[in-house]
Amino acid sequence: EKQQAVVEEKNPTAELKKDTKRLTYKEQRELEILEKEISSLERNKAELENKLSQTTNYEELNGISGVLKGITEELDSKSMRWLEIQDKIG
């Protein structure tokens with residue numbers, strides 16, 4: 001019984017180590033790149049939103065809206081991937 005108790009005491013530590021995951025080099029690199037890209041996309045989005053609010057020309061509004069939609073979709077995609085990697089960290 002004493003040996004079983006010792007084994008049971010060691011198991012939680014072993015399970016904790018299994019649950020704690022580290023990022024691979026590739027994931028770490030991807031995370032760094034994503035953070036830079038997300039920051040850049042957010043700046044571009046803010047600039048376009050500002051232009052959109054100041055423009056009255058229909059064609060220009062339409063063009064800016066299309067670009068803004070693309071940036072928003074890309075930003076959403078990269079943000080989701082960033083969150084997936086962050087989840088691995090804990």
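Since the structure is predicted, the reported quantities are computational estimates derived from the model, not experimental observations.
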Visitor: Would you say Ile33 ends up clustered with Ile71 if hydrophobic residues are merged whenever their side chains have heavy atoms under 4.5 Å apart, either directly or through other cluster members?
Guide: no

Visitor: Is any side-chain heavy atom of Arg22 closer than 4.5 Å to one of Ile89?
Guide: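 No, too far: nothing below the 4.5 Å cut-off.
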
Visitor: Only pairs at least two apart or in different chains count here, so list each side-chain hydrogen bond (donor to acceptor under 3.5 Å, both in side chains) that has a residue in residues 71-80.
Guide: Glu37-Lys78

Visitor: Please find the pair of heavy atoms, one from Trp82 and one from Leu31, that lie closest to each other, and give the distance.
Guide: CD1-CD1, 3.2 Å

Visitor: What's the spacing between Leu34 CG and Leu83 CG if we round to 0.5 Å?
Guide: 10.0 Å

Visitor: Can I get a per-line list of side-chain donor-acceptor pairs under 3.5 Å for residues 55-69, giving both atom names and the distance, sequence neighbours left out?
Guide:
from	atom 1	to	atom 2	distance (Å)
Thr55	OG1	Lys51	O	2.7
Asn57	OD1	Glu59	N	2.9
Ser65	OG	Leu61	O	2.8

Visitor: Under the rule for side chain to side chain donor-acceptor pair (under 3.5 Å), what residues qualify as partners of Asn50, not counting sequence neighbours?
Guide: Gln54

Visitor: Let me confirm one number: the CD-CD distance from Glu47 to Glu42, rounded to the nearest 0.5 Å.
Guide: 12.5 Å

Visitor: What is the distance from atom CZ of Arg43 to atom CG of Leu48, rounded to the nearest 0.5 Å?
Guide: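 These two atoms lie 13.0 Å from each other.
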
Visitor: Roughly how far, to the nearest 0.5 Å, is the CD atom of Gln86 from the NZ atom of Lys88?
Guide: 12.0 Å

Visitor: Starting from the C-alpha separation in whole Å, work towards a yes-or-no answer on salt bridge (Lys or Arg N to Asp or Glu O under 4.0 Å) for Arg29 and Glu32.
Guide: CA-CA 5 Å; Arg29 190 78 181 109; Glu32 291 171 6; 3.4 Å; yes

